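Inspection log for the structure reproduced underneath, given as structure tokens.
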Amino acid sequence: GERLRTEEDVLFLPSAKLRGFEGLSPGEAEVVLTMLLAPYLRIPLLLGYLGTRERVGALADERLQGVLDAAVFEPGPWRSAATPPEAPQEIPRATRAHLATPWGLLYGELCHAP
């Protein structure tokens, strides 16, 4: 596999490499890969995008199921529950320390999402 670190990496992938998910067009696969690059937003973005009537059938693909499972249940950066969260002083941050959670990204999303 390719190392994808930025949106540009995804945009310059040959379309033959975007055909890996059965049920998604190369353009839709590109959107999914781009969503995976957004560290804290990936859970609501992926669930909203893949949960539509048009795309939910693509989840029959075991590889796409694995990608969604890994994104939703990724623990993310950890911090102790006794340590208060750190507010960013500058954006963009050099690290993802301000996104750390004692329970994982999904728990944070369930507690704080609108």
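Note that this is a predicted model, so its numbers are computed, not measured.
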Side-chain (E90) to main-chain (P88) donor-acceptor, under 3.5 angstrom = no
Please, which pairs that meet salt bridge (Lys or Arg N to Asp or Glu O under 4.0 Å) have at least one residue in residues 31-52, sequence neighbours excluded?
-> R42-E74
Same apolar cluster: Y107 and I43, side chain cutoff 4.5 Å | no
Out of V31, V67, L64, V56, which one pairs with L50 under the side chain to side chain contact (heavy atoms under 4.5 Å, CB included) rule?
-> L64
Nearest 0.5 Å please: distance from the CH2 atom of W103 over to the CD atom of E109.
-> 15.0 Å
Any side-chain heavy atom of D61 sitting closer than 4.5 Å to one from L24?
-> no
Test E28 against V32 for side chain to side chain contact (heavy atoms under 4.5 Å, CB included), laying out the working first.
-> CA-CA 6 Å; E28 291 171 325; V32 168; 5.7 Å; no
Of all heavy-atom pairs linking A71 and L36, the shortest is CB-CD2, 4.1 Å
Distance from M35 atom CE to L68 atom CG, nearest 0.5 Å?
-> 11.0 Å
Straight-line distance of E62 CD to D69 CG, nearest 0.5 Å = 12.0 Å
Which pair of heavy atoms, one from S80 and one from P102, lies closest together, and at what distance?
-> C-CB, 4.2 Å
Step by step, would you call L46 with V72 a side chain to side chain contact (heavy atoms under 4.5 Å, CB included)?
-> CA-CA 9 Å; L46 285 169; V72 169; over 6 Å; no
Only counting residues at least two apart or in another chain, list the ones meeting side chain to side chain contact (heavy atoms under 4.5 Å, CB included) with L41.
-> A38, L45
Would you give the length of the straight line joining atom CZ of F21 to atom CG of L33, rounded to the nearest 0.5 angstrom?
-> 5.5 Å
